[in-house]
2 protein chains.
Amino acid sequence: MSRPNDSRRPLTLRDVSEASGVSEMTVSRVLRNRGDVSDATREKVLHAAKTLGYVPNKIAGALASQRVNLVAVIIPSLSNLVFPKVLSAISDELEDTGLQPVVGVTNYSPEKEEQVLYEMLSWRPSGVIIAGLEHTPAARAMLENAGIPVVEIMDVDGEGVDSVVGISHRRAGLHMAEAIIAAGYRRIGFLGTKMPEDHRARKRLEGFKEGLAKAGIELADTEFYAGGSALAKGREMTEAMLKRTPDLDFLYYSNDMIGAGGLLWCRDNGIDVPGKVGLAGFNGLELLEGLSVQLATMDACRGEIGKKAAQIIAGRSQSGMIGGEVIELEPVLEPGETIRKT
Amino acid sequence: MSRPNDSRRPLTLRDVSEASGVSEMTVSRVLRNRGDVSDATREKVLHAAKTLGYVPNKIAGALASQRVNLVAVIIPSLSNLVFPKVLSAISDELEDTGLQPVVGVTNYSPEKEEQVLYEMLSWRPSGVIIAGLEHTPAARAMLENAGIPVVEIMDVDGEGVDSVVGISHRRAGLHMAEAIIAAGYRRIGFLGTKMPEDHRARKRLEGFKEGLAKAGIELADTEFYAGGSALAKGREMTEAMLKRTPDLDFLYYSNDMIGAGGLLWCRDNGIDVPGKVGLAGFNGLELLEGLSVQLATMDACRGEIGKKAAQIIAGRSQSGMIGGEVIELEPVLEPGETIRKT
DNA sequence: GCACCATATGTTAGCGATAACGGCGACCGG
DNA sequence: CCGGTCGCCGTTATCGCTAACATATGGTGC
């Protein structure tokens, strides 16, 4: 019993059926809990399967039944901290539905996204959850023709293929601008990533500028980075920008991590926050909750987005397909302690 | 051409073969770049496939060829920061091998691990990379009988099923103890997670105690936490411990994140680090590189582990199976600025 | 006693691809 | 001019499982 499968020939339903003296079909029924099987045979079959160490072959099963319990989840990055959160929300929500997420990572490259999507669709998943609304034409075509529910997440500023769950990054940027101006700041700098393919960061910046423009203000300075440790980059960029443009009174960071770096640098260098300079980031990373001073940020509703997306997929794979829906969530400003109270 | 598959009937090889006037077999050959096909027919087929928007069905392909290009990767958590790093290393290394990682998460639960493993094995992957050496008997049996290469990663303190790549956490703890004692610290506290199933953390603590014992020292205080933001927990626990046992001169944290929290608390409260109290964590998170003061830590070789594990799987799925190998990597102490120089 | 139904099991025919082998010109050397 | 080889492509038989239908078997009602 220690090594029940010595022959090295992969076990099949037939092995189990022979070992338990019933037909393959009955074994299949027992293993899937489908159809009527007497308790006696059920016992026999389960016992045989366990002692043999049988593991069903879902490949064959899926081919025969034309059903696959996988949901493709396609995201730009795992090191971003944003996506693991979304992922675990999806995973939790799918837990009891029999569906299983399968993750693909694109590294913010549209071509890689197309490749990954192709690869995943070739396994005929029950649904696709994919970050962003911007895809290559080919990728978009695949999504449209796949004949399965598709949920595009994170962003609602644009045209979706099917369902969409996210926030408006444009408006998130705009609201942040309004809050900053309301607090009395006027000389404002922006620090972000140099990633043309990060459309959400771009939209936030656009919205932010728009918000400033409404008050007749322009960005006083900007600085971009690529690669490296975000915390360290935040320090460097903050130092560089404040040296270059000393009269700045606010720094808006495109993510919390570089914002935290900037905050640490300010504290280390005796700069009064939020008195002399105000700071704000974006995302609401609870990772940073233990910082000495709470950075102002805006919650991106990551958990909620994952949850809703998973619900849509689960709902639609049960009941027949219905039309796509668009769910826009509201990011909430968390003022923290790095914006002056008015 | 905007929606080539209006009939909603899934496309098959047959559709492509009819559209291009050749047999299914030839289409299959073209799409897989295998066997001899004339350039003329190759063109025809590729054109037909593209205009139809055909996506191959790997389920059928895998069943027929008995080959699957997936590698199961089973890890305890995605929010731990440790595993995304390993994952991306695996992903990068597998990039050009035609193999594709599929991730499963266990939440540090052995039962969940068993479930996830069962689920993944039922897709007949080409290999398994799984964190840790401790599994349920059933899980271990599955791994032994799967007939595919298995690599257990992160930890080498124990008996592996097949190949093993990792570090000795016991010795990592032991070395840290030695370094701390060599630096002259004597009243030492430990702060860690309350997770009986995190065997690696447990082994580190055991090794650490052993190292202290060699110098005739015992842990002066310990504190454990579960859940919550690690940074914030690090602050809280540090405060609690230093209030309870004020004469401590060193705090060893089971991970960098709570260590960083402790470090921030000490700085905020004017405690001289490393003069009055020394600090050390574990992992070598480059996430923290931008901290004002570099925390002493020990690199867990996460990237290297992922890379080597992927290489083993890739190598063995090409050439026939060979025996399992054990690769032990050496974690390196990064003294940072939170241990007194001797 | 017989039609009738529910329960429990077996039989048959695919699912959509690929492995293995076979056929058929073309080309080549002797 | 003929056997042999090579390039190209088709035919057939699975792969391991499940949907759908067929088949016992044993009550149940009238």
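Bear in mind the structure is a predicted one, so any value in this text is a computation, not a measurement. Side chains are part of it too, since the values below use all heavy atoms of this structure and drop only hydrogens, waters and symmetry mates. Chain A is the first sequence line, chain B the second, and so forth, proteins listed ahead of strands; every chain is numbered from 1.
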Review point. How do B:V22 and B:A64 order along DNA chain D: which one's closest nucleotide is nearer the 5' end?
Key: B:V22

Review point. Do B:T41 and B:S38 have a side chain donor and acceptor closer than 3.5 Å?
Key: yes

Point to revise | Whole-Å distance separating the CD atom of A:E24 from the C1' atom of C:dT9 | key: 13 Å

Check your understanding: Which residue lies toward the 5' end of DNA chain D, A:K58 or B:D39, if each is placed at its nearest nucleotide?
Key -> B:D39

Practice item. Check the distance between C:dG16's P and A:R124's CZ and give it to me in whole angstrom. Key: 9 Å

Check your understanding: Out of D:dC15, D:dT11, C:dT7, which nucleotide sits closest to the side chain of B:L63?
Key -> D:dC15

**Study point:** Salt bridge flag under 4.0 Å for residues A:R29 and A:D36
**Key:** no

Exercise for review: Using a heavy-atom cut-off of under 4.0 Å over every strand shown, decide if A:N57 touches base, sugar-phosphate, or nothing.
Suggested key: sugar-phosphate

Review point. Separation of A:R42 atom CZ from C:dT9 atom P, in whole Å?
Key: 10 Å

Practice item. Could you check how far CH2 of A:W123 sits from C1' of C:dA17, rounded to whole Å? Key: 12 Å

Practice item. Would you please say whether a donor-acceptor pair under 3.5 Å links the side chains of B:T26 and B:S23? Key: yes

Revision key, fill the gap. Atom CD of B:Q66 and atom P of D:dA13 are separated, to the nearest Å, by 19 Å

Check your understanding: Mapping B:R14 and A:G21 to their closest nucleotides on DNA chain C, which lands nearer the 5' end?
Key -> A:G21

Practice item. Measure the distance from CG on A:L13 to C1' on C:dT9 and round it to the nearest whole Å. Key: 15 Å

Practice item. Flag the pair A:E93 and A:K308 as a salt bridge only when some basic side-chain nitrogen lies within less than 4.0 angstrom of an acidic carboxylate oxygen. Key: no

Review point. Do A:E119 and B:N69 have side-chain atoms, one donor and one acceptor, less than 3.5 Å apart?
Key: yes

Review point. Once you round it to whole Å, what is the distance between P of C:dA6 and CG of A:D36?
Key: 11 Å

Check your understanding: Does OP1 or OP2 of D:dG16 have a side-chain N or O of A:Y54 closer than 4.0 Å?
Key -> no

Practice item. Check whether any side-chain nitrogen or oxygen of B:S38 sits under 4.0 Å from OP1 or OP2 of D:dG7, and answer yes or no. Key: no

**Study point:** Value in whole Å for how far the P atom of D:dG16 lies from CD of A:E18
**Key:** 13 Å

Point to revise | Short side-chain N/O contact from A:S28 to OP1 or OP2 of D:dT18, under 4.0 Å | key: yes

**Study point:** Contact under 4.0 Å: A:R32 side-chain N or O vs D:dA19 OP1/OP2
**Key:** yes

Practice item. Examine D:dA19: is either OP1 or OP2 under 4.0 Å from a nitrogen or oxygen in the side chain of A:R67? Give yes or no. Key: yes

Check your understanding: What's the closest nucleotide to the A:T41 side chain, out of D:dT11, C:dG10, C:dT9?
Key -> C:dT9

Check your understanding: Would the number of heavy atoms belonging to other residues, nucleotides or ligands and lying under 6.0 Å from NZ of A:K112 be above 12?
Key -> yes

Point to revise | Presence of B:S23 side-chain N/O under 4.0 Å of D:dT11 phosphate oxygens OP1/OP2 | key: no

Check your understanding: For A:R34, which contact category applies under a 4.0 Å heavy-atom criterion: base, sugar-phosphate, or nothing?
Key -> nothing

Study note, to complete from the structure: Among D:dT18, C:dA20, D:dC9, the one nearest any side-chain atom of B:M25 is C:dA20

